[in-house]
Amino acid sequence: MADRKQMPGEFKPGRCGFYLEKKRRYCRAVPNEGNKYCIEHSHLLGELKDQERIPCPLDPKHSCYKSKLKKHLKKCNAREKVQPACYQKSVNSGYGEDETETEKVTILTVPVEEVFQLIEKVKNIHEKCQLLIQEEILEHPVMREELSNKTYGEAALKHRRQQSSLVAHMQKLGLLKDGTCFVEFGAGKGALSHWVQLALPESKDNSYILVDRGTARYKMDNYHNNKEEGPIFERLRMDIEHLCLSKVPTVIDHPRAVVGMSKHLCGAATDLTLRCMVGSNKCEKECTGDLGHVNKKQKVDESTKPNEKQENSWIEGIIIALCCHHRCSWTHFVGKDFFTQHGLTGRDFQLVTSMSSWATCGYRPNKKGVDLTLRCMVGSNKYKKECTGDLGHVNKKQKVDESTKPNEKQENSWIEGIIIALCCHHRCSWTHFVGKDFFTQHGLTGRDFQLVTSMSSWATCGYRPNKKGVEKSSSAQEPSKAPTPYSSLDQNLVKIENKTLVEENMPDQSETSSCQSDMKQKNHDKHIDEHNSDDGGEHAKNEDSGYNHPRYGALTPKQREDIGKQCKRLIDLGRMHYLKQKGFQTQLMVYIPHTVSLENVVLTAVPLDRFGAMLAEGNSLQ
């Protein structure tokens with residue numbers, strides 16, 4: 001063991017003296033009186049001689065006394081717990097739908113030709129389906145104060161923006177009303193349910209079920225432990241794969257409309273949730289068609305069971321923020337029929353999920369940089385340091401007289417100078433920017449700052465010197481005429497409010513092609529002149545041959561990002577197809593800006609009869 005003087009983690013008297021190298025700290029367990037180590041580590045170090053300890057048969061990561069093994073097995077946390085009535089093993093898994101065993105593959109383990117062929121298939125399916133995605137970034141009034149709280153950091157505000165938009169979308173869909181059972185899947189701390197409840201302060205007949213297979217600290221449902229603070233939040237610690245929603249006592253005993261919601265369901269968890277919500281007939285529930293009065297002891301006649309169109313009549317709506325498509329599983333996927341109809345197999349599905357990561361693997365905003373360094377150097381007054389004006393002798397126990405503390409002009413007298421080589425202005429953050437006052441004085445806002453940082457990349461996005469020594473004749477006489485594979489991805493696949501993601505007033509295609517040709521010719525002529533100039537043609541790198549990935553060739557990062565987004569939407573199309581077969585009207589929407597999160601698409605679904613009523617009332621989803 002290394003010298004403990006060099007180890008981080010301070011030893012606290014009265015605690016176990018065993019050092020945990022993996023956690024880089026001492027064990028925090030309290031040993032018995034007179035012992036240096038706790039019982040667990042005394043056993044490992046061979047200091048326990050009075051009683052023999054053995055590894056626990058249920059979980060060998062911990063030990064127990066051999067003489068007390070039977071008693072330990074009855075209370076061990078690793079013991080098999082009695083499952084509630086709503087537990088039905090693998091009821092939402094999708095096992096048995098496709099027995100074909102597929103070998104685990106990724107885009108790195110298959111020939112690159114197969115990847116390009118699949119990209120072409122994905123592109124063709126998108127052109128055929130013409131998926132429409134609207135942008136509706138909403139904000140609910142109940143969270144207005146939270147969103148304006150300047151003490152929150154970027155991470156906290158990110159979650160609150162997502163929650164605010166989701167709650168607002170639920171209100172727009174008419175899902176926030178009295179007499180509803182809200183089921184939050186992958187609840188975590190239960191923040192989404194918390195804000196939904198606050199958005200319905202007058203409701204008295206709502207219930208909240210929070211489903212998560214793990215535990216979380218600082219749960220938001222602690223605010224709702226008392227009846228005076230609103231409805232009690234019920235937690236189900238269970239994997240969604242095994243949850244039969246129609247057997248949950250709260251759902252059975254109090255027949256209400258059910259709304260399924262989630263802010264974060266990784267990959268296959270979304271498919272498990274959709275099956276849990278709309279595929280509950282597999283639970284063999286003993287209930288009437290309207291999920292009303294239930295007699296658990298009495299078997300219901302088959303004729304009274306709901307058919308496929310009636311079985312989901314108790315579902316009011318579904319809203320799920322989609323993410324982590326790369327973690328989807330073909331076994332659990334609900335859109336197998338959609339993939340099969342378009343000639344895609346389970347192997348293709350694995351490659352599609354693998355390529356979907358291209359959509360979110362780009363660079364993230366730099367949260368630490370020049371602005372944080374400047375604050376660190378000259379903003380030390382925020383720490384209220386107890387020191388003299390010259391930062392000399394410091395007495396921590398002695399309170400310094402206010403007159404001896406440095407004023408605003410003196411506090412940085414100990415700084416001799418600062419020298420920083422500036423770069424990457426496009427990765428600056430308004431939150432960390434030290435020049436907010438300067439921008440404000442000149443009439444610029446935080447939104448303007450984001451646009452300025454974005455345009456700053458124009459200064460460095462030009463052509464780089466050609467280091468491969470391309471001959472003047474080859475680059476000056478004619479440009480490369482070889483087509484770039486998949487260089488012109490269809491920009492019309494993803495639309496926002498019936499407008500393309502590019503310009504609102506887009507010129508005609510012929511005019512666009514003409515403009516692009518003219519610009520390309522001008523750029524080419526410009527680079528020929530630069531190549532023939534005195535600098536030796538350092539900037540004569542040809543556009544078509546300028547990028548060459550070791551595996552994907554001329555497929556640029558931007559093109560791979562677009563392909564990744566198409567793969568995500570292809571998986572979502574399969575989910576929408578499944579919901580439509582079950583009698584739901586579905587839609588995908590961009591609910592937050594991509595600057596907040598790259599996973600910014602939400603899936604909504606309402607029963608067709610409700611959708612028809614909404615159209616009649618003029619509250620259309622479109």
Side-chain angles (χ1 to χ4, degrees), residues 86 92 138 140 142 162-188 190-212 220-221 224 230-236 240 243-265 269-270 272-280 290-292 311-322 575 579 582-589 591 602-611 613-614 619 621:
C86 58
N92 303 315
L138 307 178
H140 199 279
V142 74
Q162 290 174 310
Q163 292 156 2
S164 177
S165 185
L166 289 175
V167 174
H169 275 285
M170 293 175 68
Q171 181 168 349
K172 183 178 179 181
L173 292 171
L175 302 180
L176 297 184
K177 58 184 180 182
D178 203 6
T180 304
C181 176
F182 294 96
V183 184
E184 182 179 359
F185 295 90
L192 184 57
S193 296
H194 170 73
W195 293 114
V196 169
Q197 195 278 328
L198 292 182
L200 296 168
E202 304 298 330
S203 64
K204 299 180 180 180
D205 191 29
N206 288 342
S207 59
Y208 297 85
I209 301 175
L210 284 66
V211 183
D212 203 301
M220 301 292 286
D221 37 314
H224 307 273
I232 299 296
F233 282 26
E234 176 187 354
R235 277 200 173 259
L236 288 178
I240 304 172
L243 174 61
C244 182
L245 191 60
S246 60
K247 291 187 177 181
V248 177
T250 303
V251 177
I252 295 176
D253 299 337
H254 305 282
R256 302 183 181 95
V258 177
V259 173
M261 58 184 183
S262 178
K263 188 184 79 70
H264 188 95
L265 279 177
T270 298
L272 297 176
T273 298
L274 294 179
R275 274 201 183 86
C276 181
M277 287 292 293
V278 304
S280 53
D290 58 354
L291 205 71
E311 65 179 359
N312 301 313
S313 60
W314 50 288
I315 298 177
E316 190 74 8
I318 301 171
I319 180 167
I320 298 174
L322 305 169
R575 291 164 172 168
L579 289 170
K582 297 295 183 178
F584 286 85
Q585 175 67 31
T586 63
Q587 189 176 27
L588 296 177
M589 283 182 290
Y591 75 106
V602 62
L603 170 66
T604 63
V606 294
L608 283 174
D609 54 350
R610 271 201 78 242
F611 179 75
M614 293 174 64
N619 189 17
L621 287 177

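Note that this is a predicted model, so its numbers are computed, not measured.
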Once ring pair (Phe, Tyr, Trp, His ring centres under 6.0 Å) is applied, do any residues pair with Y591, and if so which ones, sequence neighbours excluded?
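With neighbours one apart ignored, the set is empty.
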Listed by chain and number, what are the ring pair (Phe, Tyr, Trp, His ring centres under 6.0 Å) partners of F185, not counting sequence neighbours?
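Residues passing ring pair (Phe, Tyr, Trp, His ring centres under 6.0 Å) with F185: none at all.
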Check whether any side-chain N or O of N206 sits under 3.5 Å from a backbone N or O of Q197 as a donor-acceptor pair, and report yes or no.
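It does not hold such a pair.
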Are [X] and [Y] side-chain neighbours, meaning at least one heavy-atom pair lies under 4.5 Å?
X: F182; Y: L200; answer: yes
X: D221; Y: Y208; answer: no
X: S207; Y: C181; answer: yes
X: L274; Y: I320; answer: yes
X: N92; Y: T273; answer: no
X: V196; Y: L176; answer: yes

Could you list the residues that satisfy side-chain hydrogen bond (donor to acceptor under 3.5 Å, both in side chains) with T250, not counting sequence neighbours?
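Listed in chain order: E234.
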How would you list, by chain and number, every residue that makes a side-chain hydrogen bond (donor to acceptor under 3.5 Å, both in side chains) with H140, sequence neighbours excluded?
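Q171.
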Run L322 and L588 through side chain to side chain contact (heavy atoms under 4.5 Å, CB included) and show every step you take.
CA-CA 10 Å; L322 305 169; L588 296 177; 3.8 Å; yes
Verify side chain to side chain contact (heavy atoms under 4.5 Å, CB included) between T180 and L175, making sure each step is shown before the conclusion.
CA-CA 8 Å; T180 304; L175 302 180; over 6 Å; no
[atom1]/[X] to [atom2]/[Y] distance, rounded to the nearest 0.5 angstrom?
X: L265; Y: I240; atom1: CG; atom2: CD1; result: 5.5 Å
X: K177; Y: M170; atom1: NZ; atom2: CE; result: 11.5 Å
X: H224; Y: L198; atom1: NE2; atom2: CG; result: 5.5 Å
X: M220; Y: W195; atom1: CE; atom2: CH2; result: 6.0 Å
X: C86; Y: L245; atom1: SG; atom2: CG; result: 8.5 Å
X: K172; Y: T604; atom1: NZ; atom2: OG1; result: 9.5 Å

By side chain to side chain contact (heavy atoms under 4.5 Å, CB included) - contacts of A257 (at least two apart):
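Checked A257 against side chain to side chain contact (heavy atoms under 4.5 Å, CB included); matches are E316.
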Tell me, please, which residues at least two apart from A605 pass side chain to side chain contact (heavy atoms under 4.5 Å, CB included).
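Partners of A605 under the side chain to side chain contact (heavy atoms under 4.5 Å, CB included) test: I318, L579, F584, T586.
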Testing the basics here: between A187 and R235, what is the closest heavy-atom pair and its distance to 0.1 Å?
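Residues A187 and R235, closest heavy atoms: CB-NH1, 4.4 Å.
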Minimal non-hydrogen separation, Q163 against A191, with atom names:
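Nearest heavy atoms, Q163 then A191: NE2-CB, 3.3 Å.
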Listed by chain and number, what are the salt bridge (Lys or Arg N to Asp or Glu O under 4.0 Å) partners of D212, not counting sequence neighbours?
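Residues passing salt bridge (Lys or Arg N to Asp or Glu O under 4.0 Å) with D212: none at all.
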Residues which pass salt bridge (Lys or Arg N to Asp or Glu O under 4.0 Å) with D205, listed by chain and number, not counting sequence neighbours
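Partners of D205 under the salt bridge (Lys or Arg N to Asp or Glu O under 4.0 Å) test: R256.
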Pick out which of V167, L192, V602 makes a side-chain contact (heavy atoms from CB on, under 4.5 Å) with I319.
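The single option meeting the side-chain contact (heavy atoms from CB on, under 4.5 Å) with I319 is V602.
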Let me see the working for V259 and I315 under side chain to side chain contact (heavy atoms under 4.5 Å, CB included), right down to the final yes or no.
CA-CA 6 Å; V259 173; I315 298 177; over 6 Å; no
Checking S193 against E184: is there a side-chain donor and acceptor pair closer than 3.5 Å?
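Looking only at side-chain atoms, S193 and E184 do form a donor-acceptor pair, the distance falling under 3.5 Å.
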Step by step, would you call V251 with W314 a side chain to side chain contact (heavy atoms under 4.5 Å, CB included)?
CA-CA 10 Å; V251 177; W314 50 288; 4.2 Å; yes
